[in-house]
Amino acid sequence: TALPAGKYNIIINVKGGVGNAQSSLGQLSSNMEVSAISPSSGSVHGGQTIKITGGGFSGNIEDTEVAIGATNCTVLSVSPGEITCTTSACSEGCGDMVVTSNGVSKTSSVPFNYQDSSSPTVTSASGAASTLTIVGTSFGSNPSVSLSGSECTVTSSTATQVTCTIPGIAGGNYPVIVHNPDLGNSNNDVLLTIDLLLTSSTPSTGSYGGGTLLTLAGKGFSSDDTRNVTVCDLPCDVQSSTTTEITCISPSNPDSGSTLSCDVAVVQASGSVTLSAAFTYDASITPAITAASPLRGGTGGGTLVTITGTGFAISGNKVSIAGSVCDIATEKPTEITCYTNYHNGAIEAPIIVDVPGQGYARHSDLAQSTFYYIDRWSSKWTWGGLGVPLANEMIVITEGQTILLDVDTPVLRFLLINGGTLMFDKDAPSIELQSEYILVAGGGKLQIGSEEEPYENKALITMHGNVRCTEMPVFGCKVIGIREGSLDIHGKYIPVTWTHLAQTANAGDTTITLKQ
């Protein structure tokens with residue numbers, strides 16, 4: 001029995017429960033040896049599976065390597081007495097075989113020979129429809145064919161000719177490799193060219209708002225995620241893809257002309273193809289959204305949104321906001337009302353109206369038709385339907401929550417913003433937040449306005465407590481504590497915050513004169 005290389009104690013066990021015999025035999029040494037390689041020769045293009053027989057191998061693939069000259073033979077399996085591996089490409093006279101297993105290396109005295117005469121050779125390859133015919137030598141009795149990793153299923157073969165069915169692969173140039181199980185791989189310098197063609201794109205017109213489902217027909221399309229479709233150089237959202245057909249949703253286009261003719265292009269790793277003037281944006285069939293109200297609602301849904309515009313259908317319109325369906329309540333050519341559904345987390349997103357047969361409506365003013373999914377402090381649904389926060393309660397806003405403070409609060413015991421966000425409502429004329437303690441932690445945010453959109457109304461934060469209050473560790477009493485969080489306060493810009501008197505103001509004067 002073959003053993004991994006190393007030294008082993010010899011133990012003699014006497015049957016019948018007698019036990020181990022006392023031995024002076026010492027240790028047995030197992031050395032690594034290669035006694036045979038089968039087959040002993042193969043293709044200079046690699047791909048030959050060989051069996052190395054001997055002893056002293058570890059039995060583990062992880063610590064076993066086989067090298068032939070400067071190339072590796074990829075190990076497939078290992079036992080103490082046998083290794084199987086697949087050769088890499090190398091020229092004749094490649095070099096000696098060296099086996100390394102469990103840190104022990106051994107140069108084989110038995111050679112493996114790379115031979116041109118043992119190499120399958122492809123001399124030509126020609127495709128007709130879905131059939132590939134390959135001519136050459138030494139294909140053997142059971143060859144297989146690969147095209148850059150894709151299998152070309154063999155339908156018939158002789159030692160000098162193979163026919164196979166070309167798989168559905170993207171346009172491009174593919175090395176034709178014939179594998180003979182007895183010898184290995186053939187040369188890879190004969191190429192099969194798969195054409196990349198774009199023959200049609202339908203329909204030919206659609207809305208400036210996008211949303212038209214385009215069907216592209218052709219040949220050699222890639223199903224890879226790296227494949228892109230563009231309309232007027234804008235990305236068309238791919239819905240499905242085969243080697244002969246792609247469907248995608250046309251993008252919106254900001255052009256203001258009555259019509260805009262666009263090229264449709266397929267771009268992939270193996271090349272690109274363009275169909276000139278294949279799609280036209282047409283203002284006459286473009287619906288438009290002029291406004292929507294209200295522009296915000298809770299993430300739990302249930303907000304009735306009124307959308308006004310032109311070109312809507314009498315029926316069959318579809319409305320969505322950030323991927324959530326807005327259930328149609330009423331619809332007519334100039335107005336749609338719908339109820340929002342649940343959305344996971346706060347988000348500000350344009351309202352999408354999909355008009356049957358026309359595509360998406362264009363936004364006349366995006367700011368007037370962008371809806372903000374946000375949970376309001378004043379809504380009981382923000383708090384699980386159990387009512388709004390009461391005085392002396394501890395309120396926690398956790399990661400993933402964004403809450404709009406749209407009403408004055410009672411005096412809270414503790415407000416913990418732990419990973420979530422609390423925003424003051426910019427549309428409320430006055431908001432007051434009252435609490436004994438406020439702690440913003442774990443990436444949380446307390447936000448009053450922003451640098452881009454300063455808060456221009458009245459915002460108050462009132463901290464409550466007394467001289468005998470229990471101090472929050474590190475921070476104290478009547479305090480806003482910030483620990484790995486942020487407090488953003490951006491008010492109305494005041495260009496002059498102080499100045500000088502331009503002249504003396506005397507007692508009894510009713511006016512003063514300033515320098516600025």
Side-chain angles (χ1 to χ4, degrees), residues 200-216 229-240 246-264 275 277-297 301-343 347-373:
S200 67
S201 173
T202 55
S204 59
T205 59
S207 167
Y208 272 103
T212 301
L213 182 65
L214 300 182
T215 300
L216 280 58
V229 178
T230 62
V231 179
C232 267
D233 297 324
L234 297 172
C236 192
D237 185 17
V238 174
Q239 303 298 297
S240 65
I246 298 173
T247 61
C248 65
I249 295 176
S250 66
S252 61
N253 193 293
D255 190 85
S256 58
S258 58
T259 61
L260 176 65
S261 182
C262 292
D263 294 344
V264 176
L275 204 58
F279 183 79
T280 300
Y281 287 101
D282 190 341
S284 67
I285 61 171
T286 298
I289 301 173
T290 54
S293 179
L295 291 177
R296 67 185 181 205
T303 302
L304 180 64
V305 180
T306 300
I307 305 164
T308 56
T310 58
F312 303 148
I314 296 174
S315 63
N317 300 289
K318 296 179 181 178
V319 180
S320 63
I321 306 170
S324 293
V325 173
C326 193
D327 294 325
I328 301 290
T330 63
E331 51 188 332
K332 54 187 179 181
T334 58
E335 182 182 279
I336 297 172
T337 62
C338 63
Y339 287 96
T340 61
N341 277 289
Y342 167 80
H343 189 275
I347 191 172
E348 197 169 10
I351 296 172
I352 303 298
V353 176
D354 186 357
V355 180
Q358 292 175 253
Y360 296 160
R362 180 161 55 176
H363 297 268
S364 300
D365 183 351
L366 190 59
Q368 296 302 313
S369 53
T370 297
F371 186 84
Y372 200 168
Y373 264 116

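We use all heavy atoms of the structure for the numbers below, so side chains are in, but hydrogens, waters and symmetry mates are not.
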Minimum side-chain heavy-atom gap [X]-[Y] below 4.5 Å:
| X | Y | answer |
| --- | --- | --- |
| H343 | I321 | no |
| P251 | D237 | no |
| P294 | T303 | yes |
| L214 | C236 | yes |

Problem - Minimum heavy-atom distance G211-I249, with the two atoms named - result: CA-CG2, 3.4 Å
Practice task
Please report the closest heavy-atom contact between S207 and T212, naming both atoms and the distance.
Solution key: N-OG1, 3.8 Å
Practice task
Please say whether more than 12 non-hydrogen atoms of neighbouring residues, nucleotides or ligands are located less than 6.0 Å from OH in Y339.
Solution key: no
Problem - Residue D233 excluded, over 12 heavy atoms near CG under 6.0 Å - result: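 Not more than 12 within 6.0 Å, no.
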Exercise for the section: For residues 246-264, pull every pair meeting side-chain hydrogen bond (donor to acceptor under 3.5 Å, both in side chains), keeping only residues two or more places apart or in separate chains. Expected result: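 The answer is S240-T247.
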Handout entry: side-chain hydrogen bond (donor to acceptor under 3.5 Å, both in side chains) pairs, two or more places apart, involving residues 280-293
Key = D282-S284, T290-T308
Closer than 3.5 angstrom, by distance alone: can the side chain of [X] be matched with the main-chain N or O of [Y] as a donor-acceptor pair?
| X | Y | result |
| --- | --- | --- |
| S369 | I351 | no |
| T340 | C326 | no |
| S324 | Y342 | yes |

Practice task
Could you tell me the separation between the CZ atom of F312 and the CG atom of N317, rounded to the nearest 0.5 Å?
Solution key: 7.0 Å
Practice task
For residues 316-330, pull every pair meeting salt bridge (Lys or Arg N to Asp or Glu O under 4.0 Å), keeping only residues two or more places apart or in separate chains.
Solution key: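 Checked against salt bridge (Lys or Arg N to Asp or Glu O under 4.0 Å) - neighbours excluded - no pair reaches residues 316-330.
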